[in-house]
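Have a look at the structure below before the remarks.
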Amino acid sequence: MAAGPTPSATAASFRPPIPPPPPCFDYRAAVLADTRAAAAAAGNPALAALVESGALVRVPRRRFGPVPAWRPPDFVEPEEVWILGTSHLSPESVADVERVLRAVQPDNVVVELCRSRAGIMYVSTDASDEPLLKSNMFSLGGAKFFGAVNRSINLGGQSALALRLLLAVFSSKISSGANRPFGEEFRAARKVSEDIGAQLVLGDRPIEITLERAWKSLTWDQKTKLVISLFRGITSTTDTPQDEKTAVSPYELYQKLSTSYPSLLQPLIHERDMFLAWSLKRSKAVNKSKTVVGVVGKGHMNGIVYALISDQGDLRFRDLVGRASSDTWVSSLIKGLVRDTIIGLALWALYEQLQDYR
């Protein structure tokens, strides 16, 4: 299994090389002709049905735009990229992943996970092994729990770790009514990749960097409001409405947060769409590949396709993980106090939530 690119501690601050998709952009219409032709050539009715539903698209290399001059001369982008949009709790998505991978037989399978969340692909579905908190995209777990904590701090800092803990507990609570384990489509992608000999690639930006950038995009008033809202949601004794208990997709949660805090839309969604597009066509893992299949949440498809076909060679890794700080010692001290308070609240909420599961 190939991990995504390793972020550089000296990366420049983020300058989006590609703007978000305009409201009029429709990923299905943009690549429908290419996708239909390829599905028809494959002679697989199941693929054709996924294409017509908008769950499956194909982007050939000729649509990628120019190869950047900074790329080594021996780097060759994939001949084609297929993108399958999934739902993280849908049994149909599991079947779709298996069907597409076996039909397309890709060289690489890029999943919407990073190194810190790769354990989701190995979570047991045995009820007797059910963790105290439901597995979700924010979970810190696995055999090397403290290693995961250390990685979170190193990549995103304590504030990102605290926010991740709060989101993990909050997501676990609102998903308490879901009867299916999270991320089964990723487990299916891993198993089928092993069967067909495809390389599995972790294609998402490290969650620690995403949460750090999200935290820094907020004003102090917004940070306080967000923490209080999450904390109230976690500690509330009121039953979560049944229709909200299935809203555990991180994309849906990010969208809801972005409605209240518009500045979160860029780091939580748009930047990750670009990072996933970069992983699909320009990461070292896909060099000289014929076919790459991406398994991503369906909410990301519009942004990923737009990034793939709109990139004019300006999309660079350092632009996607940029981190910069100009804090004075006074502001660092104040932020440190606030950060430690949030971490304390997050850990307390986590402890209380675990007690409820005993």
| query | Checking side-chain contact (heavy atoms from CB on, under 4.5 Å) for the pair V57/V51: CA distance, chi angles, key distance, verdict? | reply | CA-CA 6 Å; V57 297; V51 170; over 6 Å; no

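- Between S229 and K225 the shortest side-chain heavy-atom distance falls below 4.5 Å.
- To the nearest 0.5 Å, atom SG of residue C114 and atom CD of residue E208 are 5.5 Å apart.
- M274 contributes atom CE, which lies 12.0 Å from atom CG of L308 (distance to the nearest 0.5 angstrom).
- Between the side chain of S217 and the backbone N or O of A214 there is at least one donor-acceptor pair closer than 3.5 Å.
- R28 has its side chain out of reach of V305: every pair of non-hydrogen atoms, C-beta onward, lies at least 4.5 Å apart.
- In terms of modelled atom types and a separation under 3.5 Å, the side chain of Q222 and the main chain of T219 share a donor-acceptor contact.
- At least one side-chain heavy atom of I309 sits under 4.5 Å from a side-chain heavy atom of V59.
- Once rounded to the nearest 0.5 Å, the distance linking CG of N287 with CG of N108 reads 10.0 Å.
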Sequence neighbours left out, cut at 3.5 Å: what donor-acceptor pairs do the side chains of residues 194-203 make with other protein atoms?
| unit_1 | atom_1 | unit_2 | atom_2 | d |
| --- | --- | --- | --- | --- |
| E194 | OE2 | R190 | NH1 | 3.3 |
| D195 | OD2 | R102 | NH2 | 3.0 |

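- In this structure, I228 is not a member of the same hydrophobic cluster as L226, with clusters built from ILVMFWY side-chain heavy atoms closer than 4.5 Å.
- Under the 3.5 Å distance criterion, the side-chain polar atoms of R272 are matched with a main-chain donor or acceptor of L268.
- Here the CD1-NE2 distance, from I304 to H300, works out to 6.5 Å after rounding to the nearest 0.5 Å.
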| Going through the checks in order, is the side-chain contact (heavy atoms from CB on, under 4.5 Å) test met by S283 and F275? | CA-CA 10 Å; S283 62; F275 193 99; over 6 Å; no

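- Side chains of T291 and D107: a donor-acceptor N/O pair is absent below 3.5 angstrom, by distance only.
- Contact check for L56 versus I83: no side-chain heavy atoms found under the 4.5 Å cut-off.
- In this structure, A38 and R58 approach most closely via the heavy-atom pair CB-CD, 3.2 Å.
- K223 has its side chain within reach of W215: a pair of non-hydrogen atoms, C-beta onward, lies under 4.5 Å apart.
- Contact detail for G303 and P21: the closest heavy-atom pair is CA-CG, 3.7 Å.
- Side-chain contact between R61 and V76: present, with at least one pair of heavy atoms (C-beta onward) separated by less than 4.5 Å.
- Residues M301 and L84 form no side-chain contact, since every pair of their non-hydrogen atoms from C-beta on lies 4.5 Å or further apart.
- Taking a 6.0 Å sphere around NZ of K288, one finds it holds more than 12 heavy atoms contributed by other residues, nucleotides or ligands.
- Minimum heavy-atom separation, P66 to D311: CD-O, 4.0 Å.
- Looking only at distances, a side-chain donor or acceptor of S53 sits under 3.5 Å from a matching main-chain atom of L50.
- Heavy-atom minimum distance, N302 versus Y27: OD1-N, 3.0 Å.
- Remark: side-chain polar atoms of Y306 are not paired, donor with acceptor, to backbone N or O of P22 under 3.5 angstrom.
- Atom NZ of K216 is separated from atom CD of E212 by 4.0 Å, given to the nearest 0.5 angstrom.
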| message | Using salt bridge (Lys or Arg N to Asp or Glu O under 4.0 Å), reason through E52 and R36 one step at a time and then give a plain yes or no. | response | CA-CA 8 Å; E52 297 307 318; R36 276 180 173 168; 2.9 Å; yes

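- Salt bridge status for R213 with E271: present, with a side-chain N to carboxylate O gap under 4.0 Å.
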| message | For a side-chain contact (heavy atoms from CB on, under 4.5 Å) check, start with the C-alpha distance between F186 and E112, then their side-chain angles and the critical distance, and finish with the verdict. | response | CA-CA 8 Å; F186 297 133; E112 187 199 335; 4.1 Å; yes

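- Residues R205 and P267 approach most closely at NH2-O, 2.9 Å, considering heavy atoms.
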| request: Determine, step by step, whether K290 and E79 satisfy the salt bridge (Lys or Arg N to Asp or Glu O under 4.0 Å) criterion, reporting the C-alpha distance in whole Å, the side-chain angles of both residues, the deciding distance to 0.1 Å, and the verdict. | output: CA-CA 5 Å; K290 177 182 178 182; E79 293 182 16; 5.3 Å; no

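- Of all heavy-atom pairs spanning S289 and V292, the tightest one is CB-CG2, 4.0 Å.
- With hydrophobic clusters built from ILVMFWY side chains whose heavy atoms lie under 4.5 angstrom apart, F75 does not share a cluster with L280.
- The closest donor-acceptor contact from the side chain of T86 to the backbone of S93 lies at 3.5 Å or more, if one exists at all.
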| request: Under the side-chain contact (heavy atoms from CB on, under 4.5 Å) rule, what do V286 and E77 come out as? Steps first, then yes or no, please. | output: CA-CA 7 Å; V286 303; E77 294 177 343; over 6 Å; no

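- Looking only at distances, no side-chain donor or acceptor of K281 sits under 3.5 Å from a matching main-chain atom of V81.
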